[in-house]
Structures are given as structure tokens and as C-alpha cells.
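We name chains A, B, ... by the order of the sequence lines, and we start the count at 1 in each one.
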Amino acid sequence: MTEIQDNNREFEDLNEILRVRRQKLAELQSKGKDPFTIVKYDVTSSSKEIKDNFEQMEGKVVSVAGRIMSKRGMGKASFCDLQDREDRIQLYVRIDAIGQEKYEEFKKFDIGDIVGAKGEVFRTHKGEISVKVEEITLLAKSLQPLPEKWHGLKDTDLRYRQRYVDLIVNPEVKKTFILRSRIISAVRKYLDQRGFLEVETPILSPIPGGANARPFITHHNTLDMDLYLRIAPELYLKRLIVGGLEKVYELGRVFRNEGMSIKHNPEFTIIEIYEAYKDYRDMMELTENLISSVALEVLGTTKIVYQGQEIDLTPPWNRMTMTEAVKKFAGVDFENIKTVEEARRAAQEKNLHVEKNLTRGEILSLMFEEFVEEHLVQPTFIYDYPIEVSPLAKRKPTDPDMTERFELFIFGREMGNAYSELNDPVDQKERFLKQVEKRAAGDEEANMMDEDFVNSLEYGMPPTGGLGIGIDRLVMLFTDNYSIRDVLLFPTMKPRD
RNA sequence: GAGCCAUUAGCUCAGUAGGCAGAGCACUUGACUUUUAAUCAAGGUGUCCCGCGUUCGAGUCGCGGAUGGCUCACCA
């Protein structure tokens, strides 16, 4: 029995497409031409370089490599489209240029195969910049057929689970992730150029802090102890400010064990930035300068279009206190509301359900979320937050019930959060104790006491401005993607059976 | 966590009233030395998401489940 027949038996329960490709591979292997034994290929040019510099490249011999995306055979000559990192280029393969034996081999190449090709750059009669192939080498056999060339891969389930296929066939997806990488790189560059130090703090931590969220719990075997995946790097970064690093940032993953939605993934990327001797107003300037500079660098403009709506990121951005915003959009003036009872009555008049134990500040915050957020389409800083919802922010010197905190809203979404950091260890300890009470009362998202963090503040932390920005949401904005899953290479998915 | 919708060939999708499972792309064979959604001729695609039920008969109707999408809740 020949090897081919043997393989026929081995592959007989596969469908035709899979069977044929495996047979082609087996045939190559039996002839000592196994593509998978090739370890490298010398690439001299990318398709984009060739197209961008055609005037200089015309007539030159280049080597390109990539994936065959389509084939148009015409007997003794063929065209195929080769896709590499950023673009595609057409290959023109003629029997008289590569020889009959090689041409027979080439005819068996499939869409999806990885090949290397060498030849002269030229333009066809129809004007297509192409490579006139002198040598073509199969570098990897594709055993799976690619999705259809015209419609691509649309099934969101498959796109997220098999992102590699999505990236191959949907150019706009590839573009999004290239842009994501450039955005992150531009953010780093902006901060590095201004003397910030990028640091890394623990993801595995005994006490999750710096945000209100339910954490993931994991277990360390040797220490025989449960650890939490961080929900924010904040408390570690402020310890570094105490330690004298003065200007630090961390760009990394945080984990929150909460619901998933079009805007929420259990793990997401955040940047937190801390600068000693600055306050929240300085952080507003840093925020608008950082985001507009990154936009200018990666998109070439500060006027972007998101979901059909123009958004102008040119600084300075709108600034409004929370009280002003609630007055403007809800028509409720908290300047004249001094007690919880008044606040509750105002909420009732707006048909807003308020739970019994809420304070005046929490009702203000609730009204803001309910009636204001959605209106903040253009970049807007909302500042001066009630102390009850800001356990890590410094009180306003003029109003001890309010804190020097702001959040940034764009397209009705919270994009960033910042404050003049609370550096009074006694106040901080009291606020932790309040959070601990809330926790004891069943609020799983309330902070835990972090004694060591309080201890660090007791050594003295300079007045400090701190800022956090959701990187995924920024990428969504810049790439005009509506779902967070479209800016995450591998969004969290339930496994299939 | 709740509601609504979707799941049919490798991919994108049709499938009428419950009566033999369809198209395009891809694939196979043949023709074709500047095509480009190449063209022309011929050919085969299958766990109709899974299970149970109703029925002479289920892709289609009912119940349960899986996965995904959207909306709401929680949050960034």
C-alpha cells in the first residue's frame, strides 16, 4: 500500500477540503519537501514598502513573504494576492519564469498557505503593482480553509474565540489592534518624555484596594494563603510617592469580578499616574494634554468621529462641578439642599428611587449618574465629588463634605478618574473604617482596611495628584469601536462544550 | 443575574404551508501566459447547536439545555 492510499484511509472521515489539504502536505513530505522543516526566509521588502515606494522599487528584485489570500490561475500563468503585516501585494507567477516542475507544485498551493517569493517589482497592464516571481517557496501549509474572501468572518463568537482567523480575513480588525498598540506606545512616550517613571506593582495582593469592586480570589500553595488579583494599582503607587519616586505611572491589567457587558470585561487595562506636589487641577491639564497629544500622534487630528458623532479633543475641555452639572441637566440645585431629607424629597420629585440609608452626597452622585452622564458627549471634567463616594481623595479646604476629585466623561462614558490624593493618615484611617463598616453591612465592593498603606502615609506623603484612565475605552474611542470586545484581542469567553 | 433575538456546508446566507437539504464563495477535474470578487465547462459538500416531545413525517411546532449578540442591573 502506498503512503498516499494510507493517508486516504487516515483522512477518510474528514470533509473534502480538509482531506485534500492534508493529502497535499503528505505528498510533499513523502517527496522530502516538507514545508515545516524550513526554519527561515529572507524577506527584503514588505508589500507596503513596495507600494509606497514604487518609483524606486520598480525593476528591483525583492523577496516578500506572507499568506496567499486569493488565486487566479490562467493556465500557464497565475496571479495571487500575498498578505503580509500591513498590506497585500499581487504575485505574477509564470511557468516560463519558474519552470514546469515548480509551476506544477505552485498550482497545488492553497489559499491560506504561507509562501516566500522572489522577483522583480513591476506594474501590470491593469496598473496593479506586482512581483514577477522567479522563485516561490511554500513556507507553511494551511490545513484549514479560510472564511470567504468577500464577506470575511462575521460570526462574533468565532471572531473572538479564533481571533487569529479574524485578524487574517478582516483588515479593519487588524487595523484596530495595530492602532491599540500605537496608542499605548504613544501614552508611554508622552509620560516618559516628561520624566515619569514606569513601575510595576503586584497583581497578586493580600488586600485588594484603590477601587470599589469585587475581586477575583486565587490561592498560593506554598504560602497556603488566598490572594486577590488587583482591582487597581493605586495604593501601591502612592506608597512609591511616599518612597520619593515623585512621578510614577503603571499601565497594566486589573481584574474585577463583576458583570460583563459591551463596556466591561473582567480583565481590562488601566493607566494610573501619580505626581507629587500637584493637585487635581494639574491632573485635568495632564489628562487633556495627554489624550489630545496621543490622538494627534496616532490619528493625526484631535477631532475624531465616534459612532457617527464628531468629538473634539482639542484642549481645553469643559469643566463643571458635579453640583453645577446636576443643576443644569436635572434642574436640582444642591446649593439649596442642605439635609438628607431635602435631598430625598428632591429625588422623589424626579421619580428617582433612593434607598433608605443613602446620604446627601450619595443622592447627589446618584442624580448625576441618572440625569447627567449621558449628556456629556464632548470631553468634560466633572469635579468636586461628595466625600462619601471618594474614600481616597482629599477634602476641599472650603467644604469638608466635598473632595478634590474629577471624572472625565466622553460620549457619556466615564473615561478617567482623578483626585488630589488624601495624604492625611488619620483621615485616611477613619475613611477606611467607614468602608469596613459598609463592608460588614454587606457591601462587597467596599474597601478593606489596608494598615500598611496607612502606615506609609504616616511617614508623610507629599501633596499629590493622581489620575486613572481606562485604556480600553480610550482605544474604543480612537478606533470607533462600540464594544470593548472589539478592542481586546482575546475577550473573556465561556468555553464551548 | 433578568428579558429579547440568533445558531442550516469550511465561510456568508436562503429555506414558502410540517413533505427528498439550497445558493454564492471556497474545494475537485478540465480549458486558459497581464488577471484582480478573473472567466468558461463539469462535480461533491451537511451531527440543520444539543436533548426530549408532538406528528405517518420536524431545519420548520412545543419543552429543556449550550454558546453568542443586544437591552437592563453592577461597574471602569
Side-chain angles (χ1 to χ4, degrees), chain A residues 13-21 23-24 68-81 88-98 103 107-108 110-112 122-130 132 142-162 165-166 168-170 210-214 231-232 253-272 353 369 373 389 407-410 413-417 443-445 468-474 476 482-486 491 493-497:
Chain A
D13 48 349
L14 295 172
N15 81 31
E16 189 189 15
I17 296 175
L18 298 179
R19 194 173 59 237
V20 165
R21 291 189 176 210
Q23 279 168 355
K24 285 179 179 175
I68 296 177
M69 297 305 290
S70 67
K71 270 185 102 182
R72 294 175 292 282
M74 301 180 43
K76 295 187 174 59
S78 301
F79 292 90
C80 52
D81 295 321
R88 289 180 179 195
I89 193 160
Q90 179 171 264
L91 303 182
Y92 178 45
V93 186
R94 294 168 58 122
I95 192 165
D96 51 10
I98 67 168
Y103 194 77
K107 283 212 285 195
K108 292 193 172 144
D110 289 301
I111 290 172
F122 78 113
R123 205 192 273 274
T124 63
H125 292 164
K126 296 281 170 66
E128 180 87 15
I129 294 169
S130 309
K132 198 174 286 176
S142 168
L143 299 177
Q144 294 281 353
L146 286 177
E148 202 218 355
K149 61 184 168 189
W150 202 238
H151 298 96
L153 183 64
K154 287 192 171 166
D155 186 317
T156 46
D157 193 18
L158 275 178
R159 286 186 44 229
Y160 298 149
R161 286 177 201 280
Q162 301 186 22
V165 181
D166 193 27
I168 292 167
V169 300
N170 293 325
N212 297 326
R214 287 160 64 188
I231 56 174
R253 208 72 62 82
V254 297
F255 309 84
R256 300 190 185 173
N257 204 343
E258 290 171 345
M260 294 166 66
S261 79
I262 202 141
K263 286 183 286 189
H264 301 87
N265 197 65
E267 53 178 312
F268 62 102
T269 300
I270 198 171
I271 185 166
E272 287 197 9
H353 173 72
E369 286 169 22
E373 279 191 13
V389 296
E407 288 188 318
L408 165 64
F409 291 87
I410 304 177
R413 290 179 184 164
E414 188 192 333
M415 302 288 294
N417 182 20
D443 183 353
E444 285 184 79
E445 291 174 4
I469 297 171
I471 293 291
D472 309 286
R473 289 191 178 173
L474 192 67
M476 286 163 72
Y482 184 64
S483 169
I484 194 169
R485 292 182 197 99
D486 290 321
M493 303 285 279
K494 256 184 157 175
R496 279 182 145 170
D497 298 341

If you go through the side-chain atoms of [X], does one of them form a donor-acceptor pair with the base of [N] closer than 3.5 Å?
X      : N     : value
A:Q144 : B:G10 : no
A:D157 : B:U67 : no
A:E128 : B:U34 : no

Side-chain N or O of [X] versus OP1/OP2 of [N]: is the shortest distance under 4.0 Å?
X      : N     : value
A:K149 : B:C25 : no
A:R21  : B:G10 : no
A:K107 : B:C32 : no
A:Y482 : B:U71 : yes
A:K154 : B:U12 : no

Choose from [options] the nucleotide whose nearest atom is closest to any side-chain atom of [X].
X      : options             : answer
A:E414 : B:G68, B:U35, B:A76 : B:A76
A:F268 : B:G68, B:A76, B:U36 : B:A76
A:I111 : B:C25, B:G69, B:A26 : B:A26

Query raised in the report: Under the criterion side chain to side chain donor-acceptor pair (under 3.5 Å), which of A:R88, A:R72, A:K149 is the partner of A:D81?
Result: A:R72

Query raised in the report: Can you tell me how far P in B:C32 sits from the matching atom in B:G69, rounded to whole Å?
Result: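 To the nearest whole Å, 50 Å.
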
Query - Whole-angstrom distance between B:A58 and B:C20, as gauged at atom C1' - result: 14 Å

Any side-chain heavy atom of [X] sitting closer than 4.5 Å to one from [Y]?
X      : Y      : result
A:P266 : A:F255 : no
A:L146 : A:M69  : yes
A:P147 : A:V165 : yes

Query raised in the report: Of A:G152 and A:M74, whose nearest nucleotide on RNA chain B comes first from the 5' end?
Result: A:G152

Query raised in the report: Quick one: on RNA chain B, does A:K108 or A:L153 contact a more 5' nucleotide (nearest heavy atom)?
Result: A:L153

Query - Stems where RNA chain B pairs, listed by first number, each of three or more Watson-Crick or G-U pairs under 3.5 Å - result: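 Stems found: B:1-7 with B:66-72, B:10-13 with B:22-25, B:27-31 with B:39-43, B:49-53 with B:61-65.
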
